[in-house]
Every structure is written in C-alpha cells, then in structure tokens.
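A short write-up of the structure that comes next.
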2 protein chains.
Amino acid sequence: MDQATTRGSLLLEDQLCFALYAASRSVTAGYRPLLDELGLTYPQYLVMLVLWERDQVPVRDLGAALHLESSTLSPLLKRLEASGLIRRERRADDERSVAVSLTQAGTDLREKARAIPSAIGETMGLTPEQRATAIHLLRLLTANAAGN
Amino acid sequence: MDQATTRGSLLLEDQLCFALYAASRSVTAGYRPLLDELGLTYPQYLVMLVLWERDQVPVRDLGAALHLESSTLSPLLKRLEASGLIRRERRADDERSVAVSLTQAGTDLREKARAIPSAIGETMGLTPEQRATAIHLLRLLTANAAGN
DNA sequence: CCCGATTAAGTCGTGCACAACTTAATCGGA
DNA sequence: TCCGATTAAGTTGTGCACGACTTAATCGGG
C-alpha cells in the first residue's frame with residue numbers, strides 16, 4: 001500500500017467510497033436481467049425477500065430491515081401492490097400501522113426467484129472465504145457509518 | 001459459515017448483495033453532512049475528484065472513470081455549471097465532444113475538500129489492512145459483475 | 001380524563017441512475 | 001468522394017433515495 005492510501009489523498013482510485021459505490025451499482029446491474037423476468041426492480045426484490053421470510057410485516061419493520069425511509073417504501077409498496085404481488089392493510093389493533101402481506105402471486109413468485117442467488121453468486125465470482133470476508137467488512141462499515 | 005450461505009438461500013441476511021447495498025448507502029450518508037458544507041452531492045463530489053486530478057476532461061472520460069452514462073452525467077454537469085464550479089465547452093477539434101473544466105471557484109473548492117477523506121476514513125473505522133482488503137474485494141466484484 | 005409528545009405512514013421536491021431514443025458530428029471503406 | 005456506420009452528448013420516462021413536512025392514531029404523565 002502506498003502512502004496515498006493512508007491520508008488525505010483526493011485521488012479517485014484511492015477511495016474506498018468509490019469502490020463501494022461502483023461495486024454496488026455493478027452488482028445491481030447484474031441482477032437486472034434476472035429480475036426483469038420476474039417483473040421486479042432490485043429494491044422490490046429485497047422487499048420480497050423479507051416477505052418470503054416472514055409474512056404480515058408492518059411497513060416500519062420493512063424499513064428497519066432494509067434501512068429505508070417510509071418516503072422510499074410507500075411508493076415502492078404501492079407499485080408492488082399495483083403489480084399484484086402484495087396487499088397492504090391497516091392493522092385493527094393499531095390504526096397507524098400498515099401490514100404488508102403476500103398475495104398468491106407474490107407467494108408463487110418465490111419459486112421463480114430460487115435460482116437467482118446462485119446465478120448471482122456465479123457472476124460475482126468470489127470464493128466462499130472472500131464472500132464471508134466481504135460481508136464482514138461491509139457490515140462493519142455499515143455499523144460504523146450509521147453509528148456515527 | 002452455515003450451509004445457508006453456500007446455496008440458494010433467500011434469507012436477506014445471507015446476501016452479499018444486500019450488505020453491499022446497505023454499506024454503500026450508509027457511507028454516502030456519512031458524506032452528506034460534510035458535502036453539504038461544500039454545496040455538493042456525493043456524485044458531484046466524485047466528478048470534482050476527477051477534475052481536481054486532471055482538468056479539461058471530456059464527458060466521455062468522466063463517464064468511463066465513474067462508470068456513469070451520459071444520461072446521468074449531462075444533468076449533473078448542468079447543475080455543477082449552474083453552481084459555478086465548472087465550465088462546459090465544445091471541443092474545436094471534435095464538435096461532438098464536450099470538455100469539462102474547473103472555474104476558479106471549482107479549483108478553490110479543492111482546499112475545502114482536503115479534510116474530507118480523513119474525516120470519512122475516521123467514521124468508517126477500518127484498519128489500513130481491512131481497508132485494502134475491502135478495496136481489493138470490491139474491485140473484484142465490480143470487474144466480475146461488469147465483465148459478465 | 002385530557003392534552004402535549006411520540007409514532008406510523010404518507011406526500012412533496014430534488015437529485016441520481018439507467019434504458020431507450022434522438023441529434024449531430026466524425027469516420028472509413030467501396 | 002460519398003454515404004452508411006459509429007461515436008458523443010443530450011432528452012425523456014421510470015423508479016429509487018432522502019430530507020422536510022403533513023396527517024392521523026396512540027401513548028402517558030399530571
């Protein structure tokens with residue numbers, strides 16, 4: 001590692017932040033052709049992942065799981081509802097809260113999505129060890145930046 | 001590593017892609033208060049980084065450096081021009097190309113930006129070794145996903 | 001019991017990000 | 001030389017992402 005990486009360099013190529021930004025967009029671009037076949041965008045896919053794990057999720061919990069604001073989720077969920085994959089209903093016990101649940105079409109889509117993680121894992125081309133290291137470091141980054 | 005990480009799990013928490021997505025947004029959020037003081041957004045800051053390295057850059061080269069389409073850069077550059085930091089001029093030798101250059105204000109902003117990388121490095125809180133590993137893995141990911 | 005504080009969801013405005021397309025200039029082989 | 005192909009930049013439309021704000025429901029101390 002040269003000295004430029006250890007201090008106030010303004011060189012683009014030195015920046016972890018840029019590597020992160022580029023990698024994130026590159027990976028979501030890799031998902032696009034696969035998700036197009038399911039009629040989903042990448043953030044919509046993430047919402048579906050949460051719902052396939054646990055149905056009947058309040059918008060609040062979706063936001064907590066995905067680190068997204070209600071101002072991002074509300075329109076996104078409207079689009080998922082319009083495409084027939086989810087339902088949104090006010091909870092009877094707390095009228096402030098809206099529970100998101102899967103329709104039959106949303107439940108069925110899970111099977112078509114099963115092939116995606118391994119297909120993506122393929123294009124990412126990391127060894128399991130590299131993958132584990134990457135996840136570890138990214139979680140560190142997320143926690144540190146957020147916990148500021 | 002449990003077996004869920006090695007195959008078709010649809011669990012959100014297993015996904016490298018989500019860790020990447022969350023970390024990227026988390027880090028750019030960390031930049032926001034610092035960049036607000038310079039009147040820049042994060043992608044605008046990346047453009048300025050390129051220009052501080054090398055002035056008189058064609059839009060095409062900016063796109064190549066940042067992996068961005070002209071449809072993203074054109075409006076962004078208009079906003080930077082409107083805020084007085086850059087100039088855009090058609091090249092005389094090739095009228096298709098537009099060269100982007102710094103104004104005096106754009107050049108001066110560099111000094112105010114010098115403190116940013118170390119401040120961010122602080123909030124990221126990785127050791128130099130972790131940082132190098134992260135950059136290495138992210139570049140691998142970017143190259144593999146793009147080279148598909 | 002009530003009212004100020006908190007909480008959940010949503011609206012609005014701005015700025016990316018990208019696909020599909022358009023416009024205009026340059027290139028290059030027949 | 002000329003014209004079809006390529007290239008550079010920009011336009012348009014859709015969908016995030018987020019800050020600032022609004023609306024409505026619930027909470028909780030006096």
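Just so it is clear: chains get the letters A, B, ... in the order the sequence lines come, proteins before strands, and each one is counted from 1.
Here the side chain of A:Val98 is nearest to one of C:dC18, C:dA9, D:dC18, namely C:dA9. Listed nucleotides: C:dC16, D:dA9, D:dA17. Nearest to the side chain of B:Thr72: C:dC16. Out of D:dC16, D:dT26, D:dA9, the shortest distance to the side chain of A:Gln44 is found at D:dC16.
The distance between atom CG of A:Leu62 and atom C1' of C:dG10, rounded to the nearest whole Å, is 15 Å. The nearest whole Å value for the distance from the CZ atom in B:Phe18 to the P atom in D:dA17 is 11 Å. A:Leu76 has its CG atom 13 Å from the P atom of C:dT11, to the nearest Å. D:dA9 atom C1' lies 14 Å from atom CG of B:Leu68, rounded to whole Å. Protein atom CZ of B:Arg32 is 12 Å distant from nucleotide atom C1' of C:dT14, rounded to whole Å. Counting to the nearest Å, the P atom of C:dG10 and the CD atom of A:Glu89 are 13 Å from each other. Atom OH of B:Tyr31 and atom P of C:dC16 are 16 Å apart (whole Å). Atom-to-atom, CD of A:Glu95 to P of C:dG10 comes out at 13 Å; the value is rounded to the nearest Å.
Residues in residues 30-45 of chain B take part in no salt bridge (Lys or Arg N to Asp or Glu O under 4.0 Å) pair, two or more places apart or across chains.
At its two ends the helix from C:dC1-D:dG30 to C:dA30-D:dT1 runs along axes set 10° apart, each axis drawn from five pairs and the angle rounded to 10°.
Residue-environment remark: CD (A:Glu122) stays at or below the threshold of 12 foreign heavy atoms within 6.0 Å. Atom CZ of A:Arg87 is surrounded by more than 12 heavy atoms from other residues, nucleotides or ligands within 6.0 Å.
Test A:Tyr31, A:Tyr21, A:Tyr42 against B:Tyr21 for ring pair (Phe, Tyr, Trp, His ring centres under 6.0 Å) and you get one pass: A:Tyr42. Under the side chain to side chain contact (heavy atoms under 4.5 Å, CB included) test applied with A:Leu138, the options B:Leu137, B:Val27, B:Leu20 reduce to a single match, B:Leu20. Of the candidates A:Arg96, A:Arg90, A:Arg91, A:Arg96 is the only one forming a side chain to side chain donor-acceptor pair (under 3.5 Å) with A:Asp94.
Among the protein residues, B:Ser74 comes within range of the nucleic acid bases, having at least one heavy atom under 4.0 Å from a base atom. Across all strands, B:Arg88 comes closer than 4.0 Å only to sugar-phosphate atoms, never to a base (heavy-atom distances). Within the nucleic acid shown, B:Leu73 has no heavy atom closer than 4.0 Å to any nucleic acid atom.
With DNA chain D read from its 5' end, the first of the two nearest nucleotides for A:His67 and A:Asp93 is the one closest to A:His67. Both A:Pro75 and A:Asp94 lie near DNA chain D, and the one whose nearest nucleotide falls closer to the 5' end is A:Pro75. Of the residues near DNA chain C, A:Pro58 and A:Thr28, the one whose nearest nucleotide (by heavy atom distance) lies more toward the 5' end is A:Pro58.
Checking side-chain atoms of A:Thr142 against main-chain N and O of B:Ser26 turns up no donor-acceptor pair under 3.5 Å. With hydrogens and angles ignored, the 3.5 Å screen pairs a side-chain donor or acceptor of A:Thr123 with a backbone N or O of A:Ile120.
A donor-acceptor contact under 3.5 Å links the side chain of B:Ser70 to the base of D:dG10. Within 3.5 Å, a donor on the side chain of B:Ser71 pairs with an acceptor on the base of C:dA19, or the reverse.
For A:Lys78, a side-chain nitrogen or oxygen approaches OP1 or OP2 of C:dT11 to under 4.0 Å. Distances shown here put every side-chain N or O of A:Arg90 at or beyond 4.0 Å from the OP1 or OP2 atom of C:dA8. For B:Tyr21 and D:dA17, the shortest distance from a side-chain N or O to OP1 or OP2 is below 4.0 Å.
In this structure, A:Tyr45 and A:Trp52 have perpendicular ring planes: the angle between them is above 60°, well past the 30° mark.
Salt bridge A:Glu81/A:Lys78: absent, no basic N to carboxylate O contact under 4.0 Å.
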Under 3.5 Å, which N/O atoms of the protein pair with N/O atoms of nucleotides 1-7 of chain D?
{"from": "D:dT7", "atom 1": "O2", "to": "B:Arg96", "atom 2": "NH1", "distance (Å)": "3.4"}

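Counting all heavy atoms, side chain and backbone alike, B:Arg88 lies closest to B:Ser74 at NH1-O, 4.4 Å.
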